[in-house]
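Working notes, structure below.
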Amino acid sequence: MSAVLLTAPQQMQPLALEFVVPVVSGLIQGSVYGLLGLGLVLLYKSGRIFNFAQAEIGTFSALFAAFADQGTGPFPDLPVPVAILIGLLTGVGLGLLVERVVIRPLFSAPKVTVVVATAGVLLLLVALGGFLSGPEPRSAVQIFEGDFLETSSLRVTDTGALVVVVLAVLAVLSALFFSRTRTGTAIIAVSQEPTATRLVGISVERTSALTWGIAGLLGAIAGILLSGTVGVVFPGSLTFIALVPAFTAAVLGGVTALPGAFVGGVVVGMIESFAQTNIPKDVLPGSGKVVLFVALLAVLLLRPAGLLGKET
Amino acid sequence: MNLRRSRGFTIAILASALLTAACGLKPEVKDALQQNPGLAGGSGGQVAVDTDGDGVVDAFTTDPAAGGVLPDGTTPGTTDGTTGGTTGGTTGGTTGGTTGGTTGGTTGGTTGGTTGGTTGGSAGGPTAPVKGQGDTTGIDFASKTITVVIHGPLTGAGVPQESFRTGGPKYWEKSGPKGGFRLLFGDWKVKVEAVDDKYNAQDALRACNSAAKSAFAIFGGAGTDQIQACAQSQVLRRANVPYLSSGVTESGLGKLPNYFAGSMTYKQQSPLVIRAAKEKGFMNKKWAIVITGTPNFADARDSIAAELIKNGAKGKAGAFNKDNDIILTEKAPRDCLTVGNQLRSGGYESVYFLGQPLFFGQCVNQYPQATYTGPGPSFGIQSVADLACRGGAGGFKGFYLHPSPDKAMAQKGAAGAPAFTDDIEAGIWGGMQQLEQAFNLIKGPVNRQSFIAALAKAGTPGGVLQPAAYNGSTRFGGTGAYLNQITCSGTSGKIQTVATYKK
Amino acid sequence: MSVVEERADAPAAEQGQAPRTGRQFGPIRWVPRLMVMGALAYVFLYRIPQDDGGAAAIAADACIYAIVGISLNILIGHTGQLSLGHNGFFGIGAFAAAYSLTVRDVPFALTFVIAGLVGALFALVMGLVALRITGLYLALITLVFALTLEESLFEVEWLTNAGGGQPADRPEWLIDDANFFYFCLAFLVVAVYIDYRLLASKTGRALLALKENERVAEAFGINVTAFKLIAFVLSGTLAGVAGALLAYRIGLVTASGLGFNLALTFVLMTVVGGLGSRLGVVLGASLFASLSFLLEETWMHSVQEFLVGLASFGSEGAKANLEQYAVGFLGALGLLLTIVQFPGGIGQQFRAFFDWTFGKPFDVHALLHPQDDGPGAVEGSSVRA
């Protein structure tokens with residue numbers, strides 16, 4: 001992808017531009033959705049629930065990373081890698097905490113209750129984030145500050161490029177995790193036959209905690225990277241920016257297949273970007289959303305398991 | 001559903017039909033009541049008052065139970081004889097004389113004319129409010145306090161501003177003699193409450209309507225949609241609540257009885273943007289307009305596009321062109337990747353930007369090569385600059401118009417004020433100064449009617465903000481603006497006033 | 001704001017089964033109950049509407065939210081369809097009313113009919129989708145549907161005046177907030193009655209059967225397609241009318257006031273109230289509508305101030321943050337507690353008091369075991385993905 005762009009001549013044809021700009025913007029934006037979508041797919045795959053708090057776990061982690069980076073709150077002024085580590089640990093911790101306090105007591109509750117409970121966690125995290133940070137946007141931790149690519153017609157920051165790479169790597173890794181490792185298989189087993197799995201000696205509780213810990217970590221990675229591309233983070237910011245597109249990405253790609261989130265995310269990002277660039281707002285406002293809704297509806301009606309999903 | 005079961009539904013539907021039918025009837029009944037003063041006690045209807053004879057309704061009396069006083073100093077109905085005499089003498093002196101004739105025919109201005117004429121001119125300035133004279137909502141006689149509400153985006157814009165809260169009290173409570181309270185009519189205080197409009201017209205209107213019951217006047221800090229929603233509020237219009245704001249859009253606001261824009265509107269500022277571009281050397285470049293696609297920005301958009309075309313500005317391909325070079329954006333865009341790359345690929349060098357602050361900051365980050373310009377109030381500009389400068393991708397070159405000057409200049413103009421924390425606080429401080437000047441225009445007891453009538457006829461002399469002149473002919477009183485240059489100083493934005501423009 | 005559904009539910013209590021205990025004290029047993037009813041009527045029908053601190057407007061909000069709660073309960077509670085897009089039906093009703101009144105000069109009363117019809121139409125579309133897509137997928141598609149409406153249709157200039165919002169002025173006789181509250185209350189009573197009749201009818205039983213298991217219901221000869229669509233249309237109509245009320249309540253409709261947050265609030269208040277419980281839904285809705293007012297404008301404010309003062313350790317910044325987010329925090333905490341500790345919701349907690357007020361003996365059992373409490377009782381919905 002980038003090779004093509006790097007060789008792009010300084011004076012591109014207007015038509016090519018109208019094509020390339022949305023593709024690149026869409027790829028980066030879509031990767032962000034995909035990153036959040038990965039965590040959503042993981043939780044759906046393991047417990048058949050949608051986690052509304054996923055993006056806010058990311059926001060919370062990004063907030064803590066920003067605290068540590070700027071030396072506010074309980075933190076001294078720490079170097080960027082440490083700040084990021086603190087952010088990631090926050091995500092894992094939140095995932096484990098939510099699992100223990102909210103999800104586990106609801107093991108036998110109807111799914112709708114669990115989903116609504118995660119929405120409650122979302123609101124609680126927004127409020128807690130507000131308590132700690134206030135509503136003012138905080139500048140986010142920047143992992144890199146340079147430009148990956150800058151021509152007269154396009155600019156891709158290092159953070160933007162990093163998001164794409166991280167998403168691709170994580171999607172492959174998590175696919176391998178579920179197909180090649182014992183823990184991964186255990187998670188699938190628990191989701192499909194909890195009782196039988198227990199009989200074989202796998203702890204359902206431990207598996208559930210593990211899943212949520214990983215989901216928290218994925219959320220934190222998404223949160224820190226996304227806040228890096230946006231530049232700022234404040235309570236509720238990632239939920240506002242990316243939660244619904246991430247859900248769409250996950251479902252579009254197939255909630256049962258992890259690489260699906262990658263494909264779904266990129267498709268969502270590109271559709272939005274194309275529609276935004278090419279359909280003027282006074283012709284059809286929110287054109288990106290309309291096209292997306294139609295696409296989602298079509299996929300769900302024609303291929304309910306998603307683009308990459310398997311019928312189960 | 002079988003027939004027997006559906007009976008319940010039929011009943012329910014009938015009930016709702018009856019209910020709605022009853023609602024449909026009611027207005028006529030009410031109208032009939034209003035047309036018959038005997039039935040409605042002579043107080044049901046609204047009396048439109050046109051004090052300046054320009055065909056614009058300047059005030060309504062709506063609260064006759066509280067002894068509503070018309071702007072020209074008359075009280076409707078039976079109370080004329082008693083209170084009409086006293087208020088007529090004070091406020092009628094000027095209004096009654098000049099405009100009593102025009103309004104006289106319809107609203108019983110005869111009393112205003114006669115009583116006003118006899119004792120007119122005796123009182124020179126505002127006097128403390130008197131219970132029962134005019135609408136004194138928001139005035140607490142026991143503690144001698146007048147409450148004023150400011151609404152602004154405390155949350156929601158992504159750049160919430162604590163200074164919206166602190167600016168008002170800083171004026172009324174810390175800028176008086178010896179750094180203490182600033183008092184009106186000897187011993188009256190003004191209490192300012194900031195309410196959050198969440199950067200959203202619906203929440204703004206909710207806040208304003210509820211403030212109409214507790215505040216004497218309402219002040220709109222920033223946000224075009226929010227200001228427009230409040231100004232047009234049925235509740236505010238009906239209760240005749242003085243509503244002051246910075247100049248934003250003109251759409252729908254020109255004929256409102258209770259509205260005052262204390263600084264230049266976006267449309268009025270368009271020629272000044274061109275002037276700034278010429279003086280600061282970014283006129284002869286490729287121009288783009290990035291603007292939120294709301295009808296409330298239509299007047300700003302059309303006027304700046306017309307100015308650009310008139311002045312031969314360039315666009316992406318050839319001359320500036322409305323179809324190619326205007327990018328309409330969503331109200332709360334999620335990111336500026338697409339728009340930023342659109343600007344970049346179009347090779348734009350000068351960008352007129354009017355939209356959400358957080359989005360603006362992201363766009364500058366994404367495409368720092370251009371010079372950004374636009375009208376004020378752009379209360380988020382400091383945050384925009386901070387956000388852009390933190391990104392470190394080449395900084396921020398911008399020239400923005402604004403009703404108030406930079407912090408340092410405002411500080412000089414605001415003698416006796418404690419140090420301002422930022423330009424937003426300075427701007428709110430200036431707005432409060434305007435408010436006090438408006439109070440001082442009143443001759444006689446202060447109430448909502450006398451406040452509106454006095455301000456509509458004259459204007460405010462200026463201070464931190466530039467003078468505002470309404471002169472009975474307009475509600476967009478702004479006469480000038482400051483040109484602020486925005487640069488980066490390290491990782492934070494720096495705002496500096498480089499010119500003072502008059503209309 | 002519970003007086004409403006108490007009145008509406010009264011027939012349920014009267015026509016209800018024989019009292020569970022044989023003890024009868026004749027008219028005397030009604031004395032304390034009448035006193036309670038009188039006190040409630042005084043508070044909700046007089047004290048709150050006539051309050052000059054703005055309580056009437058909040059009470060009107062509570063009624064509007066309660067109608068949405070009833071509407072949502074028809075889908076989630078009775079039929080088992082999780083809709084996260086109710087802000088869409090609500091919003092389209094609000095815009096339809098405001099547009100027809102302000103732009104088209106349609107008579108005030110007729111705008112409610114239009115709002116209801118438009119809400120029903122959009123809900124019908126979602127209902128058709130729901131025939132093919134079920135469970136959490138349906139929840140997601142309703143969510144995206146509402147978001148699409150918010151960013152697309154609600155931004156179309158001729159209909160909504162885009163960011164500026166579509167004004168909706170009340171007629172003269174409704175400008176007083178107390179009158180407007182009574183007006184909304186009347187609508188709520190009708191909505192509660194519709195819901196009551198619905199549940200008592202064959203349709204209601206069919207919907208409950210649908211919720212339990214669509215396939216089994218179908219095997220018993222229940223026309224799944226028709227009843228699902230009925231549920232959606234009815235729910236959409238109520239939501240649309242509630243939207244119209246909101247338009248007049250505020251006087252302006254904007255897309256940004258109808259976003260994802262509102263959809264979440266609607267679902268949360270219904271769940272906290274207690275799915276399937278009419279009383280609970282109305283109470284939950286009222287609570288969510290009035291929480292920030294209660295915390296900021298009533299005696300509870302001093303309690304909040306005190307707690308915030310304790311928690312902020314004297315730091316001004318922390319204090320401001322705590323105050324600003326207190327409402328959200330308490331709402332979310334209440335929700336989680338309800339779900340994890342008291343799955344029956346508020347409805348369950350109040351059931352015993354409510355039944356007592358209307359003549360039944362005080363039933364401690366109902367407080368603890370809501371499942372035994374008849375068809376309208378609280379049960380988690382069995383939406384499955």
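So that the names make sense, note that chain A is the first sequence line, chain B the second, and so on, each numbered from 1.
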statement: Applying a strict 4.5 Å limit to non-hydrogen atoms, the region of C:Leu333 in contact with chain A is both

- prompt: C:Ser152 and A:Pro285: which non-hydrogen atoms are nearest, and at how many Å?
  reply: OG-O, 2.9 Å

query: Side chain, backbone, both or neither: which part of C:Leu149 has a heavy atom under 4.5 Å from chain A?
result: neither

query: How close do A:Tyr44 and C:Leu136 get, heavy atom to heavy atom, and via which atoms?
result: CE1-CD1, 4.1 Å

task: Name the option with the most non-hydrogen atom pairs under 4.5 Å to chain A; the candidates are C:Val272, C:Leu140, C:Val267, C:Val129.
output: C:Leu140

task: Give, as side chain, backbone, both or neither, the part of C:Ile339 having an atom under 4.5 angstrom from any heavy atom of chain A.
output: both

query: Do A:Leu297 and C:Ile141 have side chains that get closer than 4.5 Å, going by heavy atoms?
result: yes

query: Can you find a heavy atom in the side chain of A:Thr239 that is under 4.5 Å from one in the side chain of C:Phe260?
result: yes

- prompt: At a heavy-atom separation under 4.5 Å, does C:Ala139 approach chain A through its side chain, its backbone, both, or neither?
  reply: neither

field: Region of C:Val156 that comes under 4.5 Å of a non-hydrogen atom in chain A
entry: both

query: Can you pull out the residues in residues 117-125 of chain A with any heavy atom less than 4.5 Å from chain C?
result: A:Ala117, A:Ala119, A:Gly120, A:Val121, A:Leu122, A:Leu123, A:Leu124

query: So A:Phe293 and C:Phe145, would you call those rings parallel, tilted or perpendicular, with 30° and 60° as cut-offs?
result: tilted

task: Can you measure from OG (A:Ser287) to CD (C:Glu151) and round to the nearest 0.5 angstrom?
output: 10.0 Å

query: Among A:Leu300, A:Val244, A:Val101, which has the most heavy-atom pairs under 4.5 Å with chain C?
result: A:Leu300

field: Trace of the side-chain contact (heavy atoms from CB on, under 4.5 Å) decision for A:Val116 with C:Leu268
entry: CA-CA 7 Å; A:Val116 172; C:Leu268 298 185; 3.6 Å; yes

- prompt: Are A:Leu296 and C:Tyr137 side-chain neighbours, meaning at least one heavy-atom pair lies under 4.5 Å?
  reply: no

- line: When the 4.5 angstrom heavy-atom criterion is applied to A:Pro235 and chain C, the contacting part is side chain

Spacing of CG belonging to C:Leu147 relative to CG belonging to A:Leu243, to within rounding of 0.5 Å: 10.0 Å

field: Check against side-chain contact (heavy atoms from CB on, under 4.5 Å), A:Phe52 and C:Leu84
entry: CA-CA 12 Å; A:Phe52 275 89; C:Leu84 289 174; 3.4 Å; yes

message: Using 30° and 60° as the class boundaries, would you call the ring planes of C:Phe329 and A:Phe131 parallel, tilted or perpendicular?
response: tilted

